[in-house]
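Quick note: numbers below take in every heavy atom, side chains included, and nothing from hydrogens, waters or symmetry partners.
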Amino acid sequence: MGLGPGGQSLGWQHGMEAQGQAGGSGDTEIDWKAYMQEVEGFANGTLDYTQLKGDTGPLVYPAGFVYIFLGLYHATGRGSNIRLAQYLFAALYLLNLLLVFRIYCRTNKVPPYVFFFMCCASYRIHSIFVLRLFNDPVAMAILFLAINLFLEEHWSWGCLLFSLAVSVKMNILLFAPGLLFLLLQRFGLLGCIPKLCICALLQVVLGLPFLLVNPIGYLTRSFDLGRQFQFKWTVNWRFLPEEVFQNRAFHAALLLAHLAGLGLFALHRWHSSKESILTLLKDPAKRKPPSPPLTVNEIVFILFSSNFLGICCSRSLHYQFYVWYFHTLPYLLWCTPTTKLAHMPKVLLLGVIELCWNTYPSTVCSSLSLHICHGLILLQLWYGTAPVPVSHTPTPSRKRTATSKKAQ
């Protein structure tokens, strides 16, 4: 089920099509102008984060976003050359595809024909990357590069890039519970502390110019976990009344559901050993029995399912948020054992999800359908990855063997 030359050719061809559409499209940006206004303030010497703002409001992303989009600001003539920006994002789109294909090649789970859907069947993803110029694709491309490093056992470099992705947009934190589990399983508690320090240190270094001027302003603006979302943009909760959507009790219920889901998956799906999960705190060399080495599929499954649980319990999903999990959906669907007859329903599920995200504005039907699809994926992840009970044939006891020898 590897990607092969055909899949690589498909990626390159689609990349060329993306370049062509960027060249043939007009001014389709949504937040680009606001991004440029926000980083222009920094370019002019403003280090108080509360003073950095654009037409759509104040800057609400961490410092990594500022540095990356400052580079784009200078590369595109202070943000005026939108066509060039779209070409650069088309190149990012192609790079992202190659990083994702490399992960899928290593897992060897997804049938090759699914890559056609990933490359050519999603208008929404193509638009988010190549036309709209959001920061979400930048964060996800860095994240997929970090996952590739994890698969190569370069954990320190992977943690550095993971933290860089978080500094572009905080949605990457949805992968953090899975990453913490992997670090504990691979290194134990003491061994994973240096990796966590790498993540924290990069955040401090990137945010230092702003932390020195207004630390509270920087932290509250760039890491605002309680930010309210507008009901008119929600894709997943359109069927709810707006007062329920904005209710803090509803947000707390979603957080509890998220934590419960993570706990259940960590205990019963990510942790494959019969030993207590607390053994992950021990040094791997001192565990009895010793932990088996992490496989490629374990790493990918834990990270992708961690993110997906967060998506399912998200307070709101806007249209550009589709890129947060689009490229992980084929793996989540095909990582479980699949019979020949089950392939078509999985492709159909991908199609329904795509239809939900392409319905603008969202409707009661589209948001309900999206939750149903998410629920079906969760169910197949839960039951499809359940540990198979091992049947033990009773072996004669030593006492009985000794008695039989005496009798002989």
Side-chain angles (χ1 to χ4, degrees), residues 1-5 7-8 11-12 15 64 68 91-110 112 114-115 118 137-168 172-203 270-272 280 283-285 287 290-308 323-332 334-335 385:
M1 288 189 184
L3 183 59
Q8 294 171 9
W12 282 109
I68 290 174
L92 176 70
Y93 178 53
L94 185 58
L95 174 63
N96 186 79
L97 276 179
L98 294 175
L99 291 170
V100 171
F101 283 1
R102 190 175 185 277
I103 293 170
Y104 277 74
C105 239
R106 295 289 305 277
T107 61
N108 203 31
K109 288 281 188 180
V110 179
V114 178
F115 291 101
M118 194 184 293
V138 179
M140 291 306 299
I142 299 172
L143 181 276
F144 286 126
L145 180 56
I147 293 177
N148 273 278
L149 289 170
F150 294 146
L151 298 183
E152 297 298 331
E153 285 287 311
H154 298 306
W155 291 93
S156 295
W157 285 107
C159 287
L160 187 74
L161 282 170
F162 181 87
S163 184
L164 179 61
V166 171
S167 76
V168 177
I172 305 299
L173 288 175
L174 295 179
F175 292 88
L179 177 59
L180 177 61
F181 185 93
L182 290 171
L183 291 174
L184 287 171
Q185 187 168 343
R186 178 66 179 80
F187 301 103
L189 179 60
L190 293 178
C192 86
I193 289 175
K195 314 300 179 190
L196 298 177
C197 288
I198 290 173
C199 296
L201 184 61
L202 183 68
Q203 295 299 322
W270 299 349
H271 186 59
S272 54
L280 295 179
D283 186 319
R287 292 172 189 164
S291 299
L294 285 168
T295 66
V296 166
N297 278 290
E298 282 177 326
I299 293 172
V300 175
F301 173 73
I302 290 172
L303 289 173
F304 283 8
S305 59
S306 172
N307 178 63
F308 185 69
V323 77
W324 292 5
Y325 76 128
F326 170 79
H327 293 100
T328 71
L329 285 173
Y331 182 83
L332 293 172
W334 272 272
C335 67
T385 59

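- Side-chain contact between Leu329 and Phe308: present, with at least one pair of heavy atoms (C-beta onward) separated by less than 4.5 Å.
- Going from atom CG of Leu179 over to atom CG of Leu184 covers 9.5 Å, rounded to the nearest 0.5 Å.
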Mind listing the side-chain donor-acceptor pairs of residues 144-154 below 3.5 Å, one per line with the distance, residues two or more places apart or on another chain?
residue, atom, partner, partner atom, Å
Asn148, OD1, Arg102, NH1, 2.9
Asn148, ND2, Leu99, O, 3.2
Asn148, ND2, Phe144, O, 2.8
Glu152, OE2, Arg102, NH1, 3.4
Glu152, OE2, Arg102, NH2, 2.8
Glu152, OE2, Arg106, NH1, 2.6
Glu153, OE1, Trp155, NE1, 3.3
Glu153, OE1, Arg186, NE, 3.0
Glu153, OE1, Arg186, NH2, 3.0
Glu153, OE2, Trp155, NE1, 3.4

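- Listed here is the closest heavy atom pair of Cys159 and Cys199: O-SG, 3.6 Å.
- Among all heavy-atom pairs drawn from Ile172 and Ala139, the shortest one is CD1-O, 3.8 Å.
- To the nearest 0.5 Å, atoms CZ (Phe115) and CG (Leu97) are separated by 10.5 Å.
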* Mind running side-chain contact (heavy atoms from CB on, under 4.5 Å) on Leu182 and Glu298 for me, showing each step along the way? => CA-CA 9 Å; Leu182 290 171; Glu298 282 177 326; 5.5 Å; no
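- Rounding to the nearest 0.5 Å places CZ of Phe326 at 9.5 Å from OG1 of Thr328.
- The backbone N or O of Leu160 sits nowhere less than 3.5 Å from a side-chain atom of Ser163 that would complete a donor-acceptor pair.
- For the residue pair Cys335 and Lys109, the shortest heavy atom distance occurs at O-NZ, 3.6 Å.
- Between the SG atom in Cys192 and the CD atom in Gln185 there is a gap of 12.0 Å [rounded to 0.5 Å].
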Show me, pair by pair, the donor-acceptor contacts under 3.5 angstrom made by side chains of residues 299-307, not counting sequence neighbours?
residue, atom, partner, partner atom, Å
Ser305, OG, Trp270, NE1, 3.0
Ser305, OG, Phe301, O, 2.6
Ser305, OG, Ile302, O, 3.3
Ser306, OG, Leu174, O, 2.8
Ser306, OG, Gly178, N, 3.2
Asn307, ND2, Trp324, O, 3.1

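- Summarising the geometry of Met118 relative to Pro330, their closest heavy-atom pair is CE-CG, 3.6 Å, with the distance given to 0.1 Å.
- Remark: side-chain polar atoms of Tyr331 are paired, donor with acceptor, to backbone N or O of Asn297 under 3.5 angstrom.
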* **side-chain contact (heavy atoms from CB on, under 4.5 Å) evaluation trace for Asp283 with Leu190** => CA-CA 7 Å; Asp283 186 319; Leu190 293 178; over 6 Å; no
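- Residues Phe175 and Leu143 are in side-chain contact: their nearest non-hydrogen atoms beyond the backbone lie under 4.5 Å apart.
- The line from CG of Leu189 to CG of Leu183 is 11.0 Å long, rounded to the nearest 0.5 Å.
- When the side-chain hydrogen bond (donor to acceptor under 3.5 Å, both in side chains) test is applied to Ser167, no partner is found at least two apart in sequence or on another chain.
- The minimum heavy-atom distance linking Pro137 with Val323 is given by the pair N-CG1, 4.3 Å.
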